[in-house]
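Taking it in order: structure first as structure tokens, then the write-up.
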Amino acid sequence: MTTTPPPEPTTTVGGSRRWLAMLTLALGVSLVIMDATIVNVALPVVIEDIGLNASGAQWMNAVYSLVFASLMLTVGRFGDLYGRKKLFAAGLVLFMAASLFAGGATGPAMLIGARVIQGLGAAMVLPSTLSTLNAMFTGRERGIAFAIWGSTIGGMAAVGPLVGGWLATDVSWRWAFWLNIPFGLLALLGIARYIDETRDTTLQRGSDVPGVLLSTLGVGGIVFALIQGQYLGWWTQSSGGLSPVPVVGVLGLAFVSMFVAVERRRVEAGRITLVDLRLLGIRSFRFGIIAALIVALGEFGLLFTLPLLLQGALGYSALGTGALVLWLAVGTFLISGATPQLTARIGQRSVVRLGLALEAVAIGGLALTLSTSVSGVVIAAWLFLYGLGVGMATAQLTSVILVDVPVSQSGQASGFQTTIRQLGSALGVAVLGGLLIANVTSQTSQRLAATDLSPATQQQVVSMVHQTVGAAIPSLRARPETAAAVAPAEAALVHASKITTGIAAGVLVIGLAATLALPAAVTAEATEPPEERNRRTRTRERTPAA
């Protein structure tokens with residue numbers, strides 16, 4: 001006789017304790033999300049302090065998201081099997097230890113290495129919080145909890161620059177990492193007091209080592225090519241020899257193709273898979289994760305490039321930059337309170353589409369109005385509008401992605417969509433950061449050619465601007481031989497930023513188009529495999545009516 005596996009237990013704690021647990025989950029998510037952006041406004045200071053170049057600056061941001069994305073599904077599965085509370089706590093401890101080393105970094109290698117370990121800790125924290133939330137809340141409360149979780153992600157990504165700017169200006173950029181220690185300890189206390197252990201007792205044990213290796217090598221190769229192409233050459237190196245960039249890039253694409261083939265074979269054989277690619281057959285899931293990828297690419301790419309413009313060309317301090325970017329967070333948090341009511345009136349999909357439309361309009365408007373004399377009020381207004389869009393789209397996109405996914409696959413689908421978001425973050429830094437660097441370098445060279453500076457001085461300035469992504473522009477004013485290069489370099493950075501920001505707006509329009517392909521309403525039973533539908537039917541038949 002076929003038996004139905006027992007359902008996953010849910011937490012049954014009292015209301016107040018449950019929401020204190022939600023606060024603990026939000027604090028953990030805040031730390032790992034904020035760390036993706038908190039050092040952005042401090043980049044010029046970090047570049048000068050430990051000799052970080054443009055490539056290192058991109059890697060410092062991208063490697064965190066890359067490790068985050070590559071390992072999230074794998075370590076998230078450990079939490080489902082052995083306990084999400086344990087994974088959450090262990091991830092926070094590892095994240096805090098890596099933060100200690102990142103703050104004490106004496107060189108680029110130590111800093112980037114610490115960011116790798118931080119990414120591993122973050123990969124343990126995020127999926128365990130989402131799975132715990134899913135196990136703790138039901139019904140209307142689950143919708144509220146998801147809104148809090150989603151708004152925390154969107155808002156804290158924007159709060160990071162303000163905190164980082166304040167620390168870099170008045171304290172030290174190193175505290176952008178060390179700040180994780182006291183708040184991490186507070187989260188650990190909350191875990192111990194308010195969160196109950198949950199696990200999936202129906203999950204098949206095992207691992208997908210080939211899937212982990214192929215996906216990590218594939219995505220890592222692609223991101224390596226996108227970042228290093230500016231420095232090692234897209235086809236040939238400065239010495240004339242073949243660049244490793246096209247080779248590594250092609251290998252990355254090949255590994256991704258092999259990953260898809262291997263995962264399909266493992267599914268057909270009934271073996272454990274890192275991700276069940278049959279989920280992509282669900283239309284709402286397929287187009288939803290495309291939108292999530294694009295939204296993350298645009299948001300994190302913008303938050304990497306905008307602080308460089310504000311400090312390098314527009315004369316803002318790190319604190320002033322953070323204060324401007326804070327308006328993004330203000331918009332996100334303000335709209336989050338009205339999002340549930342708006343969702344009830346026009347539906348989740350419409351809220352997501354409206355949010356993405358606002359994001360595209362805001363970033364497009366920012367691209368059109370950028371200049372060396374643009375007012376801070378104008379920038380703040382565009383960022384506030386962008387924040388409204390982020391608060392609407394990010395908070396509801398998770399629910400839209402998962403709405404038609406069968407319950408038995410919701411855990412894997414949750415991990416998959418979160419992985420896609422982090423991959424989008426890494427690609428945003430790589431793609432938009434690379435575009436900014438390429439354009440500011442070529443524009444600086446062209447504009448300096450029209451000055452009276454000597455060829456040697458022009459080459460020196462171009463190299464400085466390229467290596468620091470414009471962070472060295474303010475320092476040119478202090479030297480008489482390079483003072484005349486300041487205005488052309490600032491104009492070059494503004495022009496490059498207009499191009500990069502305009503492309504980001506275009507990317508968001510593509511994300512909006514992806515959401516237009518979402519079906520109006522599809523039930524989970526219409527898309528789940530026949531064997532799952534049969535199992536669900538048998539379960540209903542055996543369950544007495546209330």
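This one's a predicted model, so the numbers in the text were calculated from it and none came from an experiment.
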Subject >> Ala97: side chain to side chain contact (heavy atoms under 4.5 Å, CB included) partners, not counting sequence neighbours >> reply: none

Original post:
Under a 4.5 Å cut-off applied to non-hydrogen side-chain atoms, are Phe177 and Leu111 in contact?
Top reply: yes

Subject >> Spacing of OG1 belonging to Thr129 relative to CD1 belonging to Ile195, to within rounding of 0.5 Å >> reply: 9.0 Å

Subject >> Phe88 vs Leu25 side-chain heavy atoms within contact, under 4.5 Å >> reply: yes

Original post:
Do Trp178 and Leu100 have side chains that get closer than 4.5 Å, going by heavy atoms?
Top reply: yes

**OP:** For Ser350 and Gly347, indicate whether the former's side chain and the latter's backbone hold a donor-acceptor pair under 3.5 Å.
**Re:** no

Original post:
So which heavy atom on Val67 is nearest to which on Leu120, and how close?
Top reply: CG1-N, 3.6 Å

**OP:** Output yes when a side-chain donor or acceptor of Thr332 lies under 3.5 Å from a complementary backbone atom of Gly387, and no otherwise.
**Re:** yes

**OP:** Ignoring hydrogens and angles, tell me if any N or O in the side chain of Tyr64 forms a donor-acceptor pair with the backbone of Ala122 under 3.5 Å.
**Re:** no

Subject >> Least distance between heavy atoms, Ala225 atom then Gly249 atom >> reply: CB-CA, 3.8 Å

Original post:
Tell me, do Glu359 and Leu356 make a side-chain contact under 4.5 Å, heavy atoms counted?
Top reply: yes

Original post:
Once you round to the nearest 0.5 Å, how far does CZ of Arg266 lie from CG of Leu277?
Top reply: 12.0 Å

**OP:** With rounding to the nearest 0.5 Å, note down the distance linking CG in Leu87 to CG in Leu94.
**Re:** 10.5 Å

**OP:** Kindly state each residue pair satisfying salt bridge (charged side-chain N to carboxylate O under 4.0 Å, His left out) with at least one member in residues 122-136, sequence neighbours excluded.
**Re:** none

**OP:** Keeping to residues at least two apart or across chains, list the salt bridge (charged side-chain N to carboxylate O under 4.0 Å, His left out) pairs with something in residues 112-136.
**Re:** Asp35-Arg115

**OP:** Run the numbers on Phe224 and Trp59 for side chain to side chain contact (heavy atoms under 4.5 Å, CB included), then give the verdict.
**Re:** CA-CA 9 Å; Phe224 174 89; Trp59 275 116; 3.7 Å; yes

Subject >> 4.5 Å side-chain heavy-atom contact, Leu512 and Val352 >> reply: no

Subject >> Spacing of CG belonging to Leu354 relative to CE belonging to Met392, to within rounding of 0.5 Å >> reply: 3.5 Å

**OP:** Could you walk me through whether Arg84 and Glu197 pass salt bridge (Lys or Arg N to Asp or Glu O under 4.0 Å), step by step?
**Re:** CA-CA 6 Å; Arg84 291 140 182 170; Glu197 186 63 276; over 6 Å; no

**OP:** Quick one: list whatever passes side chain to side chain donor-acceptor pair (under 3.5 Å) with Ser99, sequence neighbours left out.
**Re:** Gln118, Asn180

Subject >> Spatial distance of atom CG (Leu427) from atom CD1 (Ile294) [nearest 0.5 Å] >> reply: 11.0 Å

Subject >> Arg349 to Ser284 - nearest heavy-atom pair and separation >> reply: NH2-CB, 4.2 Å

**OP:** List for me each residue that meets side chain to side chain contact (heavy atoms under 4.5 Å, CB included) alongside Leu214, sequence neighbours excluded, and say none if there are none.
**Re:** Phe255, Met258, Phe259, Val262

**OP:** Name all residues meeting the side chain to side chain contact (heavy atoms under 4.5 Å, CB included) criterion together with Val267; count only those two or more places apart in sequence or in a different chain, and write none if there are none.
**Re:** Thr273, Asp276, Arg278

**OP:** Would you check if Leu279 and Ile282 make a side-chain contact, meaning some heavy-atom pair closer than 4.5 Å?
**Re:** yes

Original post:
Under 3.5 Å, is there a donor-acceptor pair between the side chain of Ser128 and the main chain of Val125?
Top reply: yes

Subject >> Partners passing side chain to side chain contact (heavy atoms under 4.5 Å, CB included) against Ile420 (at least two apart in sequence or in another chain) >> reply: Ile289, Leu293, Phe416

Original post:
Is there a side chain to side chain contact (heavy atoms under 4.5 Å, CB included) between Met96 and Leu188 once you walk through the steps?
Top reply: CA-CA 11 Å; Met96 291 161 57; Leu188 287 174; 4.1 Å; yes

Subject >> Nearest-0.5 Å distance that lies between atom CG in Leu432 and atom CG in Leu297 >> reply: 5.5 Å

Original post:
Any side-chain heavy atom of Val431 sitting closer than 4.5 Å to one from Leu435?
Top reply: yes

Original post:
Any idea which heavy atoms bring Gly389 and Leu358 closest together, and the distance?
Top reply: CA-CB, 4.0 Å

Original post:
Between Ala291 and Gly511, which heavy-atom pair has the shortest distance, and what is it?
Top reply: CB-O, 3.9 Å

Original post:
Do you know the tightest heavy-atom contact between Ile191 and Lys85?
Top reply: O-CE, 3.3 Å

**OP:** Report the residues that fulfil ring-ring contact (aromatic ring centres under 6.0 Å, His included) with Phe95, sequence neighbours left out, ordered by chain and then residue number.
**Re:** none

